[in-house]
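What follows is a short report on a single structure.
Keep in mind that this is a model prediction, so the values were computed, not measured. Residue numbers begin at 1 in each chain, while the letters A, B, ... track the order of the sequences.
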Amino acid sequence: MAKWLVKTEPSECSIDDFARDPGTAIPWDGVRNYQARNFLKEMAEGDEVFIYHSSCKHIGIAGIVRVTRSAYPDPKQFETNSPYHDPKSNPDTPRWQAVDMQFEEKLPTLISLDQLKSLTGLEELPLVRKGSRLSVMPVSDDQWRLILAQVE
DNA sequence: GCCAACGTTGGC
DNA sequence: GCCAACGTTGGC
């Protein structure tokens, strides 16, 4: 099972939005970056995903969700009144993909960005790299364990 | 709100 | 294919 991390602004979609209705999957859509999209495509049902809260008061990893549906064409790219509308995409060859994710757990305490930056062994994670804006990234098993060890 | 870093666009 | 201009991201 592969592991991942996705960034989100909690005002858009937070771990609490997942926790509110733990039995219901939420579409992860609106990704409009090719590298991030390519990782989305690699996600498989059952994969675990860290939810990282960005651009907010408490920046860091807040919880874990699970992929319940692998990549499918993001419907919002075709909705003309959506902020995620992409006039250059067409239904025959959809440019953007979405996946569905469902609540798994909220971490007992948030793992802050400062904390993540201080960990030896996370240097290769794009999240902590200067200037990196990648919003969907793979997390190795070692990185995953190291991060989770911060709250155990 | 600022601004550095980055990705995308489009003229050439 | 180059690269300047532009828009966006995201920590501070």
Side-chain angles (χ1 to χ4, degrees), chain A residues 2-20 25-43 47-67 70-140 142-151:
Chain A
K3 293 176 169 45
W4 308 92
L5 180 145
V6 295
K7 293 184 192 173
T8 176
E9 300 189 14
S11 58
E12 295 295 319
C13 181
S14 75
I15 191 66
D16 292 320
D17 293 321
F18 282 98
R20 192 167 302 122
I26 296 178
W28 200 263
D29 53 25
V31 171
R32 294 294 179 268
N33 167 280
Y34 289 103
Q35 200 183 353
R37 178 206 62 185
N38 292 343
F39 286 132
L40 267 192
K41 281 185 179 174
E42 292 179 27
M43 288 186 181
D47 284 0
E48 287 183 297
V49 183
F50 279 136
I51 295 291
Y52 172 87
H53 288 172
S54 69
S55 299
C56 60
K57 184 90 177 279
H58 302 292
I59 298 167
I61 295 175
I64 299 171
V65 296
R66 194 177 290 276
V67 177
S70 60
Y72 59 93
D74 181 347
K76 290 191 177 164
Q77 66 195 308
F78 305 123
E79 297 172 8
T80 50
N81 54 356
S82 167
Y84 298 118
H85 178 235
D86 183 352
K88 292 180 184 168
S89 185
N90 76 80
D92 295 332
T93 54
R95 181 177 296 191
W96 306 111
Q97 303 285 117
V99 301
D100 290 352
M101 297 180 181
Q102 190 170 326
F103 183 70
E104 191 73 19
E105 65 173 287
K106 183 172 178 175
L107 297 183
T109 58
L110 178 119
I111 306 173
S112 71
L113 178 58
D114 278 349
Q115 222 173 328
L116 293 166
K117 281 180 176 168
S118 75
L119 291 179
T120 304
L122 275 198
E123 295 83 1
E124 298 304 313
L125 190 67
L127 183 76
V128 300
R129 301 196 72 122
K130 181 177 161 68
S132 171
R133 301 180 345 191
L134 187 61
S135 62
V136 178
M137 67 192 75
V139 178
S140 73
D142 285 347
Q143 290 168 337
W144 185 273
R145 272 193 296 273
L146 180 60
I147 292 168
L148 266 191
Q150 302 310 300
V151 291

Just by modelled atom types, is the A:Ala98 backbone N or O under 3.5 Å from a matching donor or acceptor in the A:Asp74 side chain? no
Sequence neighbours excluded, the answer for salt bridge (Lys or Arg N to Asp or Glu O under 4.0 Å) partners of A:Asp142 is A:Arg145
Are A:Asp114 and A:Lys117 close enough for a salt bridge, meaning some N to O gap below 4.0 Å? no
Regarding A:Lys57, tell me which of base, sugar-phosphate or nothing describes its non-hydrogen contacts under 4.0 Å with the strands shown. nothing
Hey, could you give me the CZ/OH distance between A:Arg95 and A:Tyr34, rounded to the nearest 0.5 Å? 3.5 Å
Before accepting this row, confirm whether a basic side-chain N of the pair A:Asp86/A:Arg32 lies closer than 4.0 Å to the acidic partner's carboxylate O. no
Under a 3.5 Å cutoff on both atom distances, Watson-Crick or G-U, what's the dot-bracket for DNA chain B ([ ] crossing, | other strand)? ||||||||||||
Going 5' to 3' through nucleotides 4-12 of chain B and flagging B where a protein heavy-atom sits under 4.0 Å of the base, S where only the sugar-phosphate is that close, and - otherwise, we get -BBSSSS--
Angle between ring planes, A:Phe50 versus A:Trp144, binned at 30° and 60°: parallel, tilted or perpendicular? parallel
Can you list the steps and then say if A:Tyr72 with A:Trp96 is a ring-ring contact (aromatic ring centres under 6.0 Å, His included)? CA-CA 8 Å; A:Tyr72 59 93; A:Trp96 306 111; over 10 Å; no
Is the closest side-chain heavy-atom distance between A:Ile51 and A:Ile61 below 4.5 Å? no
